[in-house]
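Every heavy atom of this structure was used, including side-chain atoms; hydrogens, water molecules and symmetry mates were not. Just so you know, these numbers come straight off a predicted model, no measurement behind them.
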Protein chains: 2
Amino acid sequence: MASISDSEEVVEVEEGAQPAYRVDQQVGFHLRQANQRHVSIFTGMMGDRLTTTQWAALTKLNEIQPCSQNQLGRETAMDVATIKGVVDRLVARRYLQTAPDPKDGRRLVLSVTDEGQAAIERNVDIARAVTEETLSPLSSAERMMLVELLRKIS
Amino acid sequence: MASISDSEEVVEVEEGAQPAYRVDQQVGFHLRQANQRHVSIFTGMMGDRLTTTQWAALTKLNEIQPCSQNQLGRETAMDVATIKGVVDRLVARRYLQTAPDPKDGRRLVLSVTDEGQAAIERNVDIARAVTEETLSPLSSAERMMLVELLRKIS
DNA sequence: CAATAGTTGTTCGCATACAAACAAACAAAA
DNA sequence: TTTTGTTTGTTTGTATGCGAACAACTATTG
């Protein structure tokens, strides 16, 4: 604790001598911005008004179907409340369909419809291009490094 | 340009022979997840129910005040609609105050209140700890590398 | 000056994102 | 079997995040 007295240099000045705090020097700020740019690129290039999360859910389900709703949420890193909304909207578009699980009264079994399949085939090359465009400022080595570092802090 | 002719290697065989598309191999997926973890750490550690965006707006304004609402939005990479909501909530908490700009009838001049200052001082060390915790899986060199790569793709 | 163009702030609608609380169904243990 | 605990899905509330359209005001140009 600094002494209560001595007005002169009550300046317990550097109290740690820490450099000034700047938001724009914190990782969180750059993570948010980089993600924003990526989403922006995705939205601009992708067809069928698909969002990043919808695309993630759709293609992931196509990999691992059949699958319950919450399980798909875990696979795509989405909250139970979030995945519900995403699935609802994909079902409304007829990209996914749901059916009750005969073996488990709680579960909804999800699967990709033909329309969903068609949407994937229609957009998968674009999705690859989105990744390419997002990473375009980086060299090949930097790209691998970035993904690896992101994986480490996830 | 490739020559138009010569069937020989017309073998665009597998139509690209591309590896299977996996969402969890795309940067976007990892950007989203890394950001999620950071926000989660932030929410768990920070006091006063401050969110990442509120903290960014508050501390940035403290740096550059006085400042208009849209300008603060640009400085913190927030949409005009987004910054309005953030500012409204910070004003409701009395962390910020607004005043009409005498020289420009459109502008709202924003400034940080004493309560806002106190909130910053109360949480700035925690904010530093949040960054530290987010980057904890990385070495010092990796941390600098990550921020640099994120900056490049922003 | 008058017409045009750009800026600032507002509002609406849609889509994540997550905490929290809840009911129904299943699983494990007493 | 009954109790306890867990999992699945739902709903509510709050907070970004952005496209799009809009009014009010300022700046620019003819």
- Task: Assign B:Gly85 to base, sugar-phosphate, or nothing according to its heavy-atom contacts below 4.0 angstrom with the strands shown.
- Result: nothing

- d(NZ, B:Lys103; C1', C:dT8) in whole Å: 16 Å

- Message: Could you tell me how far apart B:Leu90 (CG) and D:dA15 (P) are, to the nearest whole angstrom?
- Response: 10 Å

- Query: Do B:Arg106 and D:dT26 share a donor-acceptor pair, side chain to base, under 3.5 Å?
  - Reply: no

- For A:Thr59 and A:Trp55, indicate whether the former's side chain and the latter's backbone hold a donor-acceptor pair under 3.5 Å. yes

- Message: The side chain of A:Leu108 is closest to which nucleotide in this list: C:dC12, D:dT16, D:dG9?
- Response: D:dG9

- Message: Would you say A:Gln65 and A:Ser111 are linked by a side-chain donor-acceptor pair, where the criterion is simply a distance under 3.5 Å?
- Response: no

- Item | Any residue of residues 37-70 of chain B with a heavy atom less than 4.0 Å from an atom of DNA chain C | B:Ser68, B:Gln69, B:Asn70

- Message: From CZ of B:Arg93 over to C1' of D:dA15, roughly how many Å is that when rounded to an integer?
- Response: 11 Å

- Item | Residue pair A:Thr113 / A:Gln97, side-chain donor-acceptor N/O under 3.5 Å | no

- Query: How many angstroms lie between atom OG1 of B:Thr131 and atom CD1 of B:Ile126, to the nearest 0.5 angstrom?
  - Reply: 12.5 Å

- Message: Does C:dG9 have OP1 or OP2 under 4.0 Å away from a side-chain N or O of B:Lys84?
- Response: no

- Query: Between B:Gln54 and B:Tyr95, does a side-chain contact (heavy atoms from CB on, under 4.5 Å) hold up when you go through it step by step?
  - Reply: CA-CA 10 Å; B:Gln54 286 170 12; B:Tyr95 284 176; over 6 Å; no

- Could you check A:Met78 against A:Asp101 and say which one's nearest nucleotide on DNA chain C is further toward the 5' end? A:Met78

- Query: Expressed in angstrom and rounded to an integer, what is the separation of B:Asp79 atom CG from C:dT16 atom C1'?
  - Reply: 15 Å

- Which residue lies toward the 5' end of DNA chain C, B:Gln71 or A:Asp104, if each is placed at its nearest nucleotide? B:Gln71

- In Å, rounded to the nearest 0.5 Å, how long is the span from CG of B:Leu110 to CG of B:Leu58? 11.5 Å

- Message: Here's a test of your reading of the structure: between A:Arg32 and A:Arg74, which maps to the more 5' nucleotide of DNA chain D?
- Response: A:Arg74

- Message: Tell me which residues in residues 121-131 of chain B lie within less than 4.0 Å of DNA chain C, going by non-hydrogen atoms.
- Response: none

- Message: Just the rounded figure in Å: distance from P of C:dT16 to CD of B:Gln36.
- Response: 13 Å

- Query: Hey, is the main chain of A:Val80 close enough, under 3.5 Å, to the side chain of A:Arg74 for a donor-acceptor pair?
  - Reply: no

- Message: Tell me if a side-chain donor or acceptor on A:Arg143 pairs with a main-chain N or O of A:Leu138 at a distance below 3.5 Å.
- Response: yes

- Note on the structure: Taken to the nearest whole Å, CZ/A:Arg107 to C1'/D:dT7 is 8 Å

- Message: Would the distance check show the side chain of A:Thr43 and the main-chain N or O of A:Val39 forming a donor-acceptor pair, the cut-off being under 3.5 Å?
- Response: yes

- Rounded to whole Å, the CG-C1' distance (B:Asn35 to C:dC18) equals 13 Å

- Between C:dT11 (P) and B:Asp88 (CG): distance, integer Å: 8 Å

- Within the side chain of A:Glu142, is there an N or O that forms a donor-acceptor pair under 3.5 Å with the backbone of A:Ser139? yes

- Look at A:Arg89 and C:dT16 and indicate whether a side-chain polar atom (N or O) is within less than 4.0 Å of OP1 or OP2. yes

